[in-house]
Amino acid sequence: MPLLRFDNINLAYGDQPLMDGAEFQIRKGERVCLLGRNGAGKSTMMKLVSGKIDADDGSIWRKPGLKIGILNQDLPDQDEKKVYDVVSSGLEEVGEWISQFHELSQNIQSDEDMKALEKVQQRLEAADGWSLQQKVDTVIQKLGLPEEKKMKELSGGWRRRVELARALVCDPDLLLLDEPTNHLDIVAIDWLEKQLLDFQGALLFITHDRSFLQSLATRIVELDRGVLTSWDCDYKTYLDRKAHALEVEAEQNALFDKKLAQEETWIRQGIKARRTRNEGRVRALKALRSERMERREVQGKASFSLEQGGSSGKLVMEFKNVSQSWENNHIIKDFNLRVIRGDKIGLIGANGAGKSTLLSILLGRLQPDTGSVREGTKLEVAYFDQLRNQLDLEKTVIDNVAEGRESIVINGASRHVISYLGDFLFPANRCRVPVKALSGGERNRLLLARLFSKPANLLVMDEPTNDLDVETLELLESLLVDFNGTVLLVSHDREFLDNVVSSTLVFEPGGKISEYVGGFEDWLRQGGEINQLVAEPQTSKPEKKAEQKTEVQPEAKKKKLSYKLQRELDALPGELEKLEEELVALEEQIADPAFYQGDQEAVQNTLAQLEVVNQKIEEKMEHWEELENMG
């Protein structure tokens with residue numbers, strides 16, 4: 001028996017049909033991946049499943065009592081909420097009572113607090129709240145979450161874990177995941193895969209991470225030109241079957257078009273033919289015309305190319321005994337590397353392991369503490385920034401690329417800017433909209449268009465695959481493989497690394513960076529393990545809770561801080577806010593394309609200031625944690 005079923009669903013936005021007579025169902029234990037091009041309507045289908053929107057026509061049946069958990073594409077806010085409160089909010093109103101009970105039971109200081117606790121306790125007993133509280137505790141312990149930490153203290157990876165816990169705590173029958181690997185590093189993606197493989201309910205998820213897709217999906221459902229097609233196989237088998245289906249469709253369309261052309265020729269024959277023509281044949285021709293008009297063509301693929309710069313020297317860069325540290329913490333230690341023209345090098349490591357620091361040294365933006373860096377000759381560098389700070393959100397698409405030009409020279413051939421943008425799937429009417437109106441995938445394609453319009457022989461790319469659909473990912477892979485220059489690539493997309501890079505630099509504990517031949521899978525075959533990567537430290541460890549008793553015993557009060565230490569603790573949020581504002585201002589200054597064209601001494605001073613501010617923030621956070629643990 002299915003958990004949910006679509007029957008003849010129709011949905012359109014304006015004159016664009018997103019679903020045309022769609023049929024779909026999902027059963028317990030299935031892990032279904034929803035595939036489709038950017039803009040095909042995948043996220044809209046998720047909203048239909050969850051009940052957030054209604055279809056124009058057709059019916060959606062849900063099993064009575066069906067529980068649906070949702071892991072949204074966007075990260076939860078970095079706010080003052082505690083992890084425990086966010087997780088318990090997955091239980092809605094009862095979750096609020098559980099959160100109140102949790103807070104009150106740890107902070108009883110008066111009779112009023114005791115009375116408030118008794119009221120919440122009565123509500124929980126009436127709603128079977130103790131068993132639900134046990135679910136909250138179990139999920140938090142299973143996922144290893146720091147329950148007393150505030151969301152603003154957590155990185156993107158840990159906030160993603162909290163969001164997953166919130167979705168799981170209601171013990172859903174169906175879990176919806178929209179781009180769950182966004183903002184996660186390889187360590188966290190591996191962790192998420194294992195959690196979802198253990199999940200006993202049904203999964204419906206959207207992802208462009210092909211390794212993640214291959215590991216999880218038991219069935220593929222494709223949304224293509226308004227039609228849902230189910231492929232009962234894994235991802236690699238789907239690719240073969242889909243390619244064959246497209247070939248068959250192209251052959252059938254060619255035969256149809258040939259017949260239509262013959263009938264059009266017949267109807268336009270002379271007077272004698274018109275006198276003797278068969279009226280049934282005329283009606284059939286009209287039907288053919290109508291069918292051809294209703295045909296929805298396969299969406300075009302991006303077809304961009306890269307403006308190749310002149311050849312660099314054979315030696316691109318050489319590093320000798322390079323070390324970088326903050327206080328006594330080594331980020332990079334005794335690093336040696338020779339980068340030769342044509343090398344394609346991937347950087348693998350957890351968030352915070354030092355990949356961005358190494359890129360800054362590679363680009364000459366940061367001077368190492370010790371060791372030497374020697375640059376080669378004739379370098380023309382193009383840098384892809386994952387934060388997309390190089391794009392002006394207020395300017396139009398064409399203005400961000402053209403920069404006052406009407407045409408662009410790509411490998412010796414002049415192209416009109418609008419024609420060039422068409423290669424990146426921007427139709428003419430889309431070239432005039434401001435960048436702030438674009439989707440994430442469109443912004444990434446625009447940044448690629450801007451990057452590839454300038455000659456380069458050294459590409460430095462920081463997470464270029466975010467928000468790109470599979471077809472565009474494959475094209476980018478092909479372009480980088482054929483590129484004659486040198487590529488330095490940071491990516492958490494394991495298959496992308498496997499298909500592009502010739503060697504990898506793996507960030508390990510203690511600032512050690514080891515070089516391996518090949519990509520991610522090659523590293524694993526050579527003895528690498530994901531748990532070797534430098535993972536972001538968890539700032540607190542959840543303690544196992546005692547079994548809940550009906551009679552509440554107030555906990556012992558914590559030792560109070562001295563007046564001086566309490567003043568320090570109260571001042572820390574304001575100090576951190578000022579430092580974070582300073583950090584944002586420095587990052588905006590560095591993101592300006594003209595920044596590195598200025599005085600080099602000023603550039604180095606600004607970069608050094610950025611690192612100092614980052615270090616101060618870390619120290620303040622550590623001091624905050626220390627004071628809270630004392631109190």
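One is the number of the first residue; the rest follow in order along the sequence.
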Can you find a heavy atom in the side chain of [X] that is under 4.5 Å from one in the side chain of [Y]?
{"X": "Thr207", "Y": "Glu179", "result": "yes"}
{"X": "Leu196", "Y": "Leu177", "result": "yes"}
{"X": "Cys33", "Y": "Leu216", "result": "no"}
{"X": "Arg210", "Y": "Leu473", "result": "yes"}
{"X": "Ser230", "Y": "Val32", "result": "no"}
{"X": "Lys28", "Y": "Asp173", "result": "no"}
{"X": "Leu337", "Y": "Glu515", "result": "yes"}
{"X": "Val221", "Y": "Leu223", "result": "no"}

| message | Distance to the ring centre below 6.0 angstrom and angle to the axis at most 45 degrees; does that hold for Arg161 and Trp191? | response |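 Relative to the ring axis of Trp191, which defines the angle, Arg161 lies inside both limits.
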| request: Determine, for Phe426 and Arg445, whether the Lys NZ or Arg CZ falls below 6.0 Å from the six-membered ring centre while staying within 45 degrees of the axis. | output: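 Here Arg445 passes the 6.0 Å and 45° test against Phe426.
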| request: Kindly assign one of parallel, tilted or perpendicular to the pair Phe212 and Phe205, based on the angle between their ring planes and the thresholds 30° and 60°. | output: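 Correct class here is perpendicular.
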| message | Once you measure the plane-to-plane angle for Tyr516 and Trp523, does it fall in the parallel (<30°), tilted (30-60°) or perpendicular (>60°) bin? | response |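 Rings of Tyr516 and Trp523: perpendicular, over 60°.
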Specify the closest pair of heavy atoms between [X] and [Y], including all atoms of both residues, with the distance to one decimal.
{"X": "Arg219", "Y": "Trp231", "value": "CG-O, 3.4 Å"}
{"X": "Lys67", "Y": "Asp171", "value": "CD-O, 3.9 Å"}
{"X": "Pro368", "Y": "Ile361", "value": "CB-CD1, 4.3 Å"}
{"X": "Gln324", "Y": "Thr357", "value": "CG-CG2, 3.9 Å"}
{"X": "Ser211", "Y": "Glu193", "value": "O-OE2, 4.1 Å"}
{"X": "Glu163", "Y": "Ile70", "value": "OE2-O, 4.2 Å"}

Rounded to the nearest 0.5 Å, what separation is found between the [atom1] atom of [X] and the [atom2] atom of [Y]?
{"X": "Asp190", "Y": "Gln195", "atom1": "CG", "atom2": "CD", "result": "10.5 Å"}
{"X": "Leu505", "Y": "Ile332", "atom1": "CG", "atom2": "CD1", "result": "10.0 Å"}
{"X": "Leu3", "Y": "Leu204", "atom1": "CG", "atom2": "CG", "result": "11.0 Å"}

Heavy-atom donor-acceptor pair, [X] side chain to [Y] backbone, under 3.5 Å:
{"X": "Tyr84", "Y": "Ile140", "result": "no"}
{"X": "Asp498", "Y": "Phe520", "result": "yes"}
{"X": "Arg62", "Y": "Ser50", "result": "no"}
{"X": "Ser491", "Y": "Asp493", "result": "yes"}
{"X": "Thr218", "Y": "Arg31", "result": "yes"}
{"X": "Asn457", "Y": "Glu380", "result": "yes"}

| said: Quiz question: by atom type and distance under 3.5 Å, do the side chains of Asp178 and Ser43 form a donor-acceptor pair? | reply: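 Looking only at side-chain atoms, Ser43 and Asp178 do form a donor-acceptor pair, the distance falling under 3.5 Å.
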| If you draw a 6.0 Å radius around NZ in Lys152, do more than 12 non-hydrogen atoms from other residues or ligands fall strictly inside? |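 For Lys152, atom NZ is crowded (more than 12 foreign heavy atoms under 6.0 Å).
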